[in-house]
Novice: 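Got a structure for you, questions after.
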Amino acid sequence: MFKDMPFWDPDLLQRTLAEQAKDLASLAAAFGGTVPAGQSNFDALGKPLIERYQRLFMPPGLGATGGPPAQAGAAFLRYQQAMERFAKQANAIAVNAGERLAAALAQTGPAAPPITTLRELHSLWIECGDAAYAAAAHGDEFADAQAELVAACIELRAGLAAP
Amino acid sequence: MTRLALDPARMAEEMAEFSRRMTLAAQQLATLDVRAEGCSPRREVLRRDKMVLWRYEPSAPSAGLAPLVICYALVNRPYMMDLQPGRSLIRGLLAHGLDVYLVDWGYPGPEDSHHSLDDYVNRDLGACIERVREAHGVEAVNLLGVCQGGTMSLCHTALHPAQVRNLITMVTPVDFHTGENLLSKWARKLDVDRLVNALGNVPGELLNAAFIALMPLRLTARKYAGLADIADDRAALENFLRMERWIHDSPDQAGAAFREFIRAFFQENRLVRGGLEIGGRAVNLRAISCPILNVFASQDHLVPPSASIPLKDPTASRDYTPFAFDGGHIGIYVSRSAQELLPRTIAQWLASR
């Protein structure tokens, strides 16, 4: 219990709250003119989303977050492949989230009031991110990839437990 | 980007202020020690293995109704029903003169991995209802099932219809295969045999991760960013922490019951399709003829209304009342609007039967 709860772990709490400030900094960088050359605003916003989505895809409680164990090579390979499959999903979702954000920012009219603060932009970014995620998460490929990752984690766990 | 009207100088100020307030929130949270095991006086009336049946102290003259037994889910902890003064469905029910009991399933350990749905639905819930019937000298109780506990209550009522006078289901999945049910879509692909065979009990953290994954940014980034707004409000931080503690207080799930529940309900949808058996006995919703109040939340992301609403047809009840609460799966217990509305709705519905 409470193992993954930020408020029972001061370090995790600091990291969790710092991550929110980092999100705002990413938004400020993306829309404040400091985006690295060669990147669009929305590319710059994709990274925090991808990190979050991928973190979701590492189910806790299955003991499969360590480094490559020699005695569980095949299982670890399967786990890595399952993670790669999810990384592709996460990338696609992040791209879609960026497209949704671009479309939302381009809207005009009474239903689309001006965005004057970073927090308003943050809120819109979250809505677009979750909408893109939901669109993917309801699909078969997502469910298949998730089920494969759980199965791979279990196999890896069994491999690690073997003498 | 016609909507963007961000001023660079103001953005810098906002960034600095946000960071300052998040630091303040972290400092404040570190000083809080919120216990969240319920807030209303109660006493234990039955204990069996990890399960405890609680009876709450009355807070108002009795309404003269049959006692109300609340059957909570196996997932998460039941103190959500009595989180704190001002956010307690149980306090609201007590204030209407109801005699309230709560089934608390506890924290299954490795020794409970063979605990089956038969154990939970027939033996344990049955023992609770039997104890309450004996204590009050009544033929039947009023049964209120919450979320998965509602599904279990439906099964118990179908198997033991004479024990239940009125049935209330809250945010209860009935049809597990409706289009909006994301959790069900994921569960259908799960190799539950492999999972349970490998783990014995299923870790609560795994279920928690699945619940958060339903709306990952809203349930993490937005929630934590909101701390900046309440960083200097100690009461609000305590509320936040109490809720956060509940969210992460996830009991492991007894492997045998988890396997049965995923397979029979999520994967095979047997409650509505038929063919459900618990403890070797067929569970047929047509065996339920008592009055039913079906409370669902119109914005429920976990148990979408489409999963709850189909309770209307498969039972034999001629007294079926649907009630849509304008809120979400958690707001139905703790939101301000729920505090007065739900206890009154339940108490009035029971009183008129």
Side-chain angles (χ1 to χ4, degrees), chain A residues 1-8 10 13-14 16-21 23-25 28 31-33 49 52-53 56-57 59-62 102 104-108 112-119 121-123 125-127 129-130 133-134 137-138 142-144 146-147 150-151 154-155 157-158, chain B residues 1-8 10-12 14-15 18-19 22-23 25-26 29-30 32 107 179-180 182 185-186 188-191 194-195 197-199 202-210 212-218 220-222 224-225 227-229 241 244-245 247-252:
Chain A
M1 283 174 288
F2 309 132
K3 279 188 289 233
D4 57 350
M5 182 174 177
F7 307 103
W8 262 254
L13 170 62
Q14 291 292 344
T16 300
L17 298 194
E19 189 174 50
Q20 313 316 314
D23 282 348
L24 247 62
F31 295 100
L49 285 180
R52 279 214 172 78
Y53 294 139
L56 283 174
F57 306 149
L62 294 177
L105 290 174
Q107 283 181 353
T108 55
I115 291 172
T116 58
T117 68
L118 281 173
R119 286 294 295 282
L121 183 58
H122 182 255
S123 186
W125 176 67
I126 284 170
E127 281 172 27
D130 266 355
Y133 176 87
H138 277 274
F142 188 98
D144 286 337
Q146 189 184 55
V150 172
I154 293 166
E155 189 176 313
R157 187 179 185 275
Chain B
M1 293 183 205
T2 53
R3 290 177 70 188
L4 269 185
L6 294 170
D7 173 67
R10 201 171 152 202
M11 273 168 56
E14 191 183 353
M15 275 293 304
F18 184 79
S19 295
M22 288 307 257
T23 303
L29 284 167
L32 300 179
Y107 298 90
E180 299 85 353
L182 184 54
K185 282 184 181 171
W186 293 348
R188 271 179 262 174
K189 303 274 186 177
L190 190 67
D191 187 342
R194 188 192 288 254
L195 183 70
N197 290 345
L199 300 178
V202 176
E205 295 99 320
L206 181 62
L207 299 186
N208 234 356
I212 289 172
L214 293 171
M215 291 196 303
L217 297 182
R218 255 173 275 190
T220 58
R222 175 171 287 173
Y224 294 125
L227 280 171
D229 303 326
L241 194 54
E244 195 74 353
R245 178 166 183 161
I247 289 168
H248 291 272
D249 191 358
S250 306
D252 294 346

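Here is how names work: the chains are called A, B, and so on, in the same order as the sequence lines, proteins then strands, and each is numbered from 1.
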Novice: In terms of heavy-atom pairs under 4.5 Å, which option from A:Pro113, A:Ala18, A:Ala147 contacts chain B the most?
Specialist: A:Pro113
Novice: Check whether B:Leu32 gets within reach of chain A through its side chain, its backbone, both or neither, counting any heavy atom under 4.5 Å.
Specialist: neither
Novice: Kindly say whether A:Ala137 contributes a backbone atom to a donor-acceptor pair with the side chain of B:Trp186 at under 3.5 angstrom?
Specialist: yes
Novice: Under a 3.5 Å distance rule, please check whether B:Arg222 uses its side chain to pair with a backbone N or O of A:Ser123 as donor and acceptor.
Specialist: yes
Novice: Heavy-atom distance under 4.5 Å to chain B: side chain of A:Asp130, backbone, both or neither?
Specialist: both
Novice: Could you tell me whether a side-chain N or O of A:Gln20 sits under 3.5 Å from a main-chain N or O of B:Tyr224, the two making a donor and an acceptor?
Specialist: no
Novice: Which heavy atom of A:Leu24 sits nearest a heavy atom of B:Phe18, and at what distance?
Specialist: CD2-CG, 3.5 Å
Novice: Are A:Thr116 and B:Arg10 side-chain neighbours, meaning at least one heavy-atom pair lies under 4.5 Å?
Specialist: yes
Novice: Would you check if B:Lys189 and A:Gln146 make a side-chain contact, meaning some heavy-atom pair closer than 4.5 Å?
Specialist: no
Novice: Looking only at heavy atoms, which two atoms of A:Ala21 and B:Met15 are closest? And how far apart?
Specialist: O-CE, 3.9 Å
Novice: If you tally heavy-atom pairs under 4.5 Å against chain A, which of B:Val202, B:Asp191, B:Leu182, B:Ile212 wins?
Specialist: B:Leu182
Novice: Counting only heavy atoms closer than 4.5 Å, note whether A:Ala112 contacts chain B via side chain, backbone, both or neither.
Specialist: both
Novice: Atom CE in B:Met215, atom CD1 in A:Ile126: separation rounded to 0.5 Å?
Specialist: 11.5 Å
Novice: Of all heavy-atom pairs between A:His122 and B:Ala225, which one has the smallest distance, and what is that distance?
Specialist: CE1-CB, 3.6 Å
Novice: Salt-bridge test for B:Asp229 and A:Arg119: reply yes if a basic N is under 4.0 Å from a carboxylate O, no otherwise.
Specialist: yes
Novice: For B:Ala210, give me all partners under side-chain contact (heavy atoms from CB on, under 4.5 Å), at least two apart in sequence or on another chain.
Specialist: B:Leu183
Novice: Is there a side-chain contact (heavy atoms from CB on, under 4.5 Å) between A:Ile154 and B:Leu195 once you walk through the steps?
Specialist: CA-CA 7 Å; A:Ile154 293 166; B:Leu195 183 70; 3.4 Å; yes
Novice: Over all heavy atoms of both residues, which pair between B:Glu180 and A:His138 is shortest? Give the atoms and the distance, please.
Specialist: O-CE1, 3.7 Å
Novice: So which part of A:Glu19 gets closer than 4.5 Å to some heavy atom of chain B, the side chain, the backbone, both or neither?
Specialist: neither
